[in-house]
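The next block holds one structure in the form of structure tokens; read it before the comments.
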Number of protein chains: 2
Amino acid sequence: MTATAEPTPDAPPTQDLLQSLAVLAGAQWRDFQAAAAHEGLTSMQAKLLGQLVRPLPMRELAALLACDASNVTGIVDRLEAQGLARREPDPHDRRVKRVIATPEGRETVRRVRAEMHAVHRALDALDPAERAALYALVEKMRPALEG
Amino acid sequence: MTATAEPTPDAPPTQDLLQSLAVLAGAQWRDFQAAAAHEGLTSMQAKLLGQLVRPLPMRELAALLACDASNVTGIVDRLEAQGLARREPDPHDRRVKRVIATPEGRETVRRVRAEMHAVHRALDALDPAERAALYALVEKMRPALEG
DNA sequence: TATTGTTATACTCTATAACTATA
DNA sequence: TATAGTTATAGAGTATAACAATA
């Protein structure tokens with residue numbers, strides 16, 4: 001028997017890999033929904049709030065959330081009503097409103113991220129080397145994911 | 001300087017890893033929504049349809065979709081109206097209705113999965129060894145994700 | 001009594017189209 | 001005229017509560 005010089009590890013069937021990734025994404029989504037609900041937010045409200053690392057125009061938020069701009073109005077309205085975000089005028093263009101997170105809003109984002117229980121448990125199942133490998137693999141895919 | 005015998009690879013900060021995984025999950029979600037829309041379905045309709053590998057009671061579908069049972073009625077109604085799924089009586093319990101995918105429904109599921117363009121592109125960025133490593137890592141996390 | 005599926009209700013998200021105020 | 005944000009509208013997803021049929 002001729003051993004292959006550098007044995008190619010069995011590449012899993014694409015369907016199996018896609019299924020695994022779907023399980024991971026599904027768990028992340030359920031975690032996020034449950035965490036947001038625990039903080040009194042819908043998943044879209046929490047998702048928008050999580051984008052507010054800096055003041056963002058409504059239009060940019062719509063692009064980041066991959067939804068129509070008209071939806072952003074209502075979502076920001078509800079966040080504003082809960083004191084988690086607010087609108088401010090753009091100094092350079094009076095048509096634009098920039099949305100910013102309040103301190104309470106930023107604290108809520110932190111709590112939601114801390115409440116991703118299944119994902120945190122899953123990462124705890126990996127040792128440091130495995131975590132590093134996972135990170136490297138996803139980062140390698142990232143340009144293709146975003147492009 | 002004392003070199004560590006077996007140098008631990010730098011484990012990335014948990015926040016960075018969570019962020020990477022969020023980018024991956026986000027891309028999968030956008031892919032799925034776009035693919036479902038291309039087939040004339042909402043993401044929930046496509047998600048339910050994808051679960052129908054065997055006849056499933058409404059109640060089980062609600063559990064799989066992590067939503068209330070009352071929602072399943074409407075989603076199945078719309079799939080049934082499009083000829084992609086149908087209800088059949090359960091032979092052992094007359095309270096139960098089992099939902100099954102029609103051949104056209106199964107074909108639609110196949111097309112949706114094939115249209116996950118960004119994810120497929122991302123996997124193409126990995127070589128076979130990397131794919132195998134990714135699969136092994138996610139499978140190692142799986143019990144924690146599902147538990 | 002408990003469970004399955006459904007209906008009614010109210011709220012949120014969603015895209016489309018039309019509107020306003022700026023540019 | 002083009003763009004940013006809003007409003008109005010209709011369809012879909014969502015949880016809650018109440019209901020009929022069945023276990």
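Here is how names work: the chains are called A, B, and so on, in the same order as the sequence lines, proteins then strands, and each is numbered from 1.
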Going through the checks in order, is the side-chain contact (heavy atoms from CB on, under 4.5 Å) test met by A:Leu56 and A:Ile100?
CA-CA 7 Å; A:Leu56 287 175; A:Ile100 65 180; over 6 Å; no
Rounded to the nearest angstrom, tell me the gap between atom [atom1] in [X] and atom [atom2] in [N].
{"X": "A:Glu88", "N": "D:dA4", "atom1": "CD", "atom2": "P", "answer": "17 Å"}
{"X": "B:Asp77", "N": "C:dG5", "atom1": "CG", "atom2": "C1'", "answer": "11 Å"}
{"X": "A:Asp90", "N": "C:dA23", "atom1": "CG", "atom2": "C1'", "answer": "12 Å"}
{"X": "A:Leu61", "N": "D:dT3", "atom1": "CG", "atom2": "C1'", "answer": "17 Å"}
{"X": "A:Leu79", "N": "C:dT12", "atom1": "CG", "atom2": "P", "answer": "11 Å"}
{"X": "A:His92", "N": "D:dA4", "atom1": "NE2", "atom2": "C1'", "answer": "16 Å"}

At less than 4.0 Å, is any side-chain N or O atom of [X] found next to OP1 or OP2 of [N]? Yes or no.
{"X": "A:Arg87", "N": "D:dT6", "value": "yes"}
{"X": "B:Lys97", "N": "C:dT6", "value": "yes"}
{"X": "A:Arg59", "N": "D:dA2", "value": "no"}
{"X": "A:Arg94", "N": "C:dA23", "value": "yes"}

Base, sugar-phosphate, or nothing: which does B:Arg98 touch, judged by heavy atoms less than 4.0 Å apart?
nothing
What is the nucleic acid contact for B:Asp93, judged by heavy atoms within less than 4.0 Å: base, sugar-phosphate only, or nothing?
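Since only primed, P, OP1 and OP2 atoms lie under 4.0 Å of B:Asp93, the category is sugar-phosphate.
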For B:Arg87, does the CZ atom sit with more than 12 other heavy atoms under 6.0 Å from it, leaving out its own atoms?
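Check passes, neighbour count above 12.
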Any B:Lys97 side-chain heavy atom under 4.5 Å of B:Asp90 side chain:
no
Side chains of A:His120 and A:Asp31: closer than 4.5 Å at any heavy-atom pair?
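When only atoms from C-beta onward are counted, A:Asp31 and A:His120 do not touch, as no gap falls below 4.5 Å.
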Please list, pair by pair, any protein nitrogen or oxygen found under 3.5 Å from a nitrogen or oxygen in nucleotides 10-16 of chain D.
from   : atom 1 : to      : atom 2 : distance (Å)
D:dG13 : OP1    : B:Thr42 : OG1    : 2.7
D:dG13 : OP2    : B:Arg78 : NH1    : 2.1
D:dA15 : OP2    : B:Asp68 : N      : 2.5
D:dA15 : OP2    : B:Asn71 : ND2    : 2.6
D:dA15 : N7     : B:Asn71 : OD1    : 3.1
D:dT16 : O4     : B:Ser70 : OG     : 2.8

Could you go step by step and tell me if B:Glu80 and B:Arg86 meet the salt bridge (charged side-chain N to carboxylate O under 4.0 Å, His left out) rule?
CA-CA 5 Å; B:Glu80 210 162 18; B:Arg86 56 186 176 79; over 6 Å; no
Write out all pairs satisfying side-chain hydrogen bond (donor to acceptor under 3.5 Å, both in side chains) with one or both partners inside residues 123-147 of chain B, taking only residues at least two apart or from two chains.
A:Thr14-B:Arg131, A:Ser20-B:Glu139, A:Glu130-B:Lys140, A:Lys140-B:Glu130, B:Asp124-B:Arg131, B:Glu139-B:Arg142, B:Arg142-B:Glu146
Salt bridge flag under 4.0 Å for residues A:Arg110 and A:Glu39
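The answer is no: the pair does not qualify as a salt bridge.
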